[in-house]
Amino acid sequence: MSDMSVRRGVVRFRVYRQHEALRVEASNALMGLLAGAQLSNHLLQLNRGSQRLLPEVYPNVPHIRRFNLTAEAASDILAEADVHLGAMSIAYALALHEDYMKTCLAMAADAGLVTRRRARETTAASQHDALQTACGSRVDPLPLEQLMVLRKMRNAVIHEGGRADGGLVDAITGLSTEAVAAWTKVAGRDPSTIKSGDALRLGHGEMLLSLAVTKNIDRACNVLLQDGLPRHVWVKIAVDDALLEHPHAEQAGIALRKCHGVARHWYGPLGLSRPEIEDELRRRRSD
């Protein structure tokens, strides 16, 4: 198997574009929640010391009665919002990534690179190995190391009451020096300080890390598919995409122009040619 070390552009096929939009939406929402909590905490400082409850002070705020506390008590809770959002963000980012990996494996199955049953039954922990084997290439192992630790952190939050267990500590111990350094640079703290039984204090740094790691692997798997899927499969995918985007192109006699335009815009790294697209359109008309 070859090891892909050269950074390349991504092919923005339809499902990848949809996934990317969801990832950006999730990132914006998480950052918005964090900023909102901090802004609210700042505002509540004006009422700190008052015994009046928030529904009395801000009666027009929706759902405020569910936060029936004094400004001081509410401020203390909001000060910890970073920790809760950090834990939630890892689960959110991993869920989006694992769904994207299912799509990648389904594309490999459609191209005959892996059986449909194998693609369907592959677990989240083995998705990347399955796709690498199907496509005959490897991705940078560093973000995959980090992803394994993030997955163990998510499991500890869900199944261990937010405390580090042996599986998480073992995964952290297995990180390479480079992976630890990259983690610390983004998250702002060294994961190797976590010991078994420690309460996990995940926060803004882990939020940024989970989004960055999954984005990097998403793009790396995109390159895997570029090399793994046969060229005629990519031509078919591009033409399908274009005709969905321009459903009346065939009747209007502009299918070749529209398909070639979509191929250049979204599928640029593949360099799909006009004759290749023309052959695919001709094949469809003859079927």
Side-chain angles (χ1 to χ4, degrees), residues 1 3-5 7-8 10 15-16 19-20 22-24 26-27 30 85-108 119 121-135 137-160 162 164-194 200-225 228:
M1 285 190 182
D3 186 356
M4 302 179 312
S5 57
R7 188 168 181 83
R8 288 159 51 182
V10 298
V15 177
Y16 184 85
H19 167 73
E20 198 168 48
L22 284 174
R23 184 180 53 75
V24 170
S27 176
L30 290 167
L85 284 172
M88 289 188 288
S89 66
I90 292 176
Y92 199 173
L94 291 184
L96 289 175
H97 175 68
E98 289 164 9
D99 184 65
Y100 167 72
M101 289 304 302
K102 288 180 183 178
T103 295
C104 291
L105 284 167
M107 291 174 69
E121 295 180 356
T122 297
T123 65
S126 58
Q127 286 175 323
H128 307 95
D129 281 341
L131 188 65
Q132 289 176 114
T133 299
C135 293
S137 299
R138 308 296 298 180
V139 301
D140 182 359
L142 189 149
L144 292 178
E145 292 180 52
Q146 296 172 327
L147 184 73
M148 180 182 295
V149 174
L150 288 169
R151 185 177 289 119
K152 296 291 186 181
M153 284 181 167
R154 176 194 61 185
N155 293 347
V157 169
I158 296 172
H159 302 297
E160 303 296 332
D165 60 1
L168 172 57
V169 173
D170 288 345
I172 293 172
T173 303
L175 287 173
S176 63
T177 303
E178 295 79 10
V180 171
W183 181 299
T184 305
K185 182 178 179 180
V186 175
R189 43 190 166 191
D190 185 343
S192 61
T193 61
I194 297 173
L200 292 175
R201 297 282 298 176
L202 309 175
H204 180 243
E206 287 76 19
M207 180 190 301
L208 291 177
L209 184 78
S210 62
L211 293 169
V213 166
T214 52
K215 178 181 178 179
N216 287 341
I217 300 174
D218 290 345
R219 294 191 169 207
C221 291
N222 184 289
V223 176
L224 276 179
L225 290 172

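These numbers come from the heavy atoms of this one structure, side chains and all, not from hydrogens, waters or symmetry mates.
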[X] versus [Y]: any side-chain heavy-atom pair under 4.5 Å?
| X | Y | value |
| --- | --- | --- |
| Leu150 | Trp183 | yes |
| Leu202 | Ile90 | yes |
| Thr193 | Asp190 | yes |
| Leu105 | Thr122 | yes |
| Cys135 | Leu225 | yes |
| Met148 | Leu175 | no |
| Val149 | Gln146 | no |
| Asp218 | His19 | yes |

Which heavy atom in [X] sits nearest to a heavy atom in [Y], and how many Å separate them?
| X | Y | answer |
| --- | --- | --- |
| Cys221 | His128 | SG-CD2, 4.3 Å |
| Ile172 | Ser192 | CG2-CA, 3.6 Å |
| Gly174 | Glu145 | O-OE1, 3.9 Å |
| Ile217 | Pro143 | CD1-O, 3.6 Å |
| Ala164 | Ile194 | CB-CG2, 3.6 Å |
| Ala125 | Arg151 | CA-NH1, 3.9 Å |

Side chain Ser176, main chain Ala179, donor-acceptor under 3.5 Å: yes
Between Thr133 (side chain only) and Ala130 (backbone N and O only), is there a donor and an acceptor less than 3.5 Å apart? no
Just by distance, with hydrogens left out, do Gln132 and Ser137 show a side-chain donor and acceptor under 3.5 Å apart?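 No, no side-chain donor-acceptor contact under 3.5 Å.
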Hey, what do you get for [atom1] ([X]) to [atom2] ([Y]), rounding to the nearest 0.5 Å?
| X | Y | atom1 | atom2 | result |
| --- | --- | --- | --- | --- |
| Ser27 | Leu211 | OG | CG | 5.0 Å |
| Lys152 | Leu200 | NZ | CG | 13.5 Å |
| Leu96 | Thr214 | CG | OG1 | 8.0 Å |
| Leu131 | Thr103 | CG | OG1 | 11.0 Å |
| Ser89 | Leu94 | OG | CG | 9.0 Å |
| Thr123 | Gln127 | OG1 | CD | 7.0 Å |

Side chain to side chain contact (heavy atoms under 4.5 Å, CB included) between Val15 and Met107: does it pass, once the steps are laid out? CA-CA 10 Å; Val15 177; Met107 291 174 69; 5.7 Å; no
Between the side chains of [Y] and [X], is the shortest nitrogen-to-carboxylate-oxygen separation below 4.0 Å, so that they form an ion pair?
| X | Y | result |
| --- | --- | --- |
| Arg189 | Glu206 | yes |
| Asp140 | Arg219 | no |
| Glu121 | Lys102 | no |

Is Met101 atom CE crowded by more than 12 heavy atoms from other residues, nucleotides or ligands, each under 6.0 Å away?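 Atom CE in Met101 is crowded, with more than 12 foreign heavy atoms closer than 6.0 Å.
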Taking only residues two or more places apart in sequence, or in another chain, which ones meet Asp165 in a side-chain contact (heavy atoms from CB on, under 4.5 Å)? Glu160, Leu168
With sequence neighbours left out, what residues match His204 under side-chain hydrogen bond (donor to acceptor under 3.5 Å, both in side chains)? none
